[in-house]
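One structure below.
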Amino acid sequence: MKQLIEKLSSKQLLESDEFNQLITTCLKCDNTFNHLRNKATLIVQEQFGFGIYTRGLIEISSYCRNNCYYCGLRRDNRNATRYRLNDDEILSCCIDGYQAGLRTFVLQGGEDAAFTDNRLVDLITQIHRHCPDVAITLSLGERSAESYQLLYNAGASRYLLRHEAANVSLYSQIHPSKMSHDNRISCIKSLLATGYQTGMGMMIGVPGQTIAHLIDDLLLMEQLQPHMIGIGTFIPHPDTPFGTHSAGDLRLSLIIIAIARLMHPYALIPATTALATLTPDGYLQGILSGANVVMPNITPNVARPHYEIYPGKEHSQSTITSTLSNLSQQLATIGYHINSSRGDYKKRN
Ligand code: SAH
């Protein structure tokens, strides 16, 4: 197995059966699993040192026009409490975050028609006026190429749009027929072409997913070369069609994060909230598998419980400053610290 890990680390692509062998061995053999993770963290240390980038996550709307089978924000979930932050609320999250030292804000939400291009352009302009040197990341789902261009021109420089499933038939098993794999991928391509630092990714353990599907995901990302890679574990939400399925496997999630790191040494890879929801030291486990970004939630406390993509997300009432100091203390236990710069994607040597 060590040869396969070496092969990946030297930027050679594995054959599908080699990927499969590596993943299945890591699932059952602690030595191989640890070797893979060590290799992934060494690559991060070479490229980024021991600094972990932070991004302030602002969940701007829980309204969504889509009906994804896995997501608690899906349109048909009548038990969801819907909210939408107003521009002042979003701006004041940014200003508070800025004062606490954050230099990237991620505006994430369901696909909510209230966030028109004009409104977002205004909002992006306001954020830059108050917090001049920050990076603004959007994660607002599928929009037109024109919309992506307008928002980029206004000053948004990064966009997160997980592809969710590279395999077309898996994609259609986890989304209603109205949603199209083709459109998802063409959105990602248009984000890349516009010049965004673009994030892709998928959940681990979504119902129907096999290791072969995960290999398809790794190969699609190899082809499109995203700058950011978000890999989270599927967590069932009771008010969705997938509510009675079991959660994805944490170890498999860490294995795929580590493999993604070997394949993308310069990428920005978050230790996702889903990992932290599954286990108290989830962020640290993600970092010890090759992640180098954490996205503390800075959504106003009253709204937080209602952005329920999946249950069990932490809804701490803590201030941004105390969240960051907590994170720093946690990172220190494994020898890492917060790197408070913007953390743009750079190709390095
Ligand atoms: N509307 C935006 C943001 C979606 S929420 C968009 O379409 O990109 C961000 C991510 O949460 C999704 O891309 C999905 O991969 C993940 N997610 C949704 N439901 C989940 C669940 N039940 N368990 C784990 N992750 C989930």
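Start at 1 and go down the list; that is how both ligands and their atoms are numbered.
- Residue pairs meeting the ring-ring contact (aromatic ring centres under 6.0 Å, His included) criterion with at least one member in residues 146-166, sequence neighbours excluded: Y148-Y159, Y152-Y196, Y159-Y196.
- The residues R143 and D117 are annotated as salt-bridged, a charged nitrogen and a carboxylate oxygen being separated by less than 4.0 angstrom.
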Please report the C-alpha distance between D30 and R251 in whole Å, then the side-chain angles of each, then the deciding distance to 0.1 Å, and finally whether the salt bridge (Lys or Arg N to Asp or Glu O under 4.0 Å) criterion is met.
CA-CA 10 Å; D30 289 346; R251 177 149 162 165; 2.9 Å; yes
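- Electrostatic pairing of R84 and D112 counts as a salt bridge here, judged by a charged N lying under 4.0 Å from a carboxylate O.
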Can you produce the list of protein nitrogen or oxygen atoms under 3.5 Å from a nitrogen or oxygen of ligand 1, alongside each distance?
residue  : atom   : partner : partner atom : Å
ligand 1 : 1 (N)  : G109    : O            : 3.0
ligand 1 : 7 (O)  : R184    : NH2          : 3.4
ligand 1 : 8 (O)  : R184    : NH2          : 3.4
ligand 1 : 13 (O) : E164    : OE2          : 2.5
ligand 1 : 15 (O) : R162    : NH1          : 2.9
ligand 1 : 15 (O) : E164    : OE1          : 2.8
ligand 1 : 15 (O) : E164    : OE2          : 3.4
ligand 1 : 22 (N) : Y70     : O            : 2.9
ligand 1 : 22 (N) : I235    : O            : 2.7
ligand 1 : 23 (N) : I235    : N            : 3.0
ligand 1 : 23 (N) : I235    : O            : 3.4

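- For residues 92-144, there are no ring-ring contact (aromatic ring centres under 6.0 Å, His included) pairs, not counting sequence neighbours.
- Each ring-ring contact (aromatic ring centres under 6.0 Å, His included) pair with one or both residues in residues 197-227, not counting sequence neighbours, appears once here: H227-Y345.
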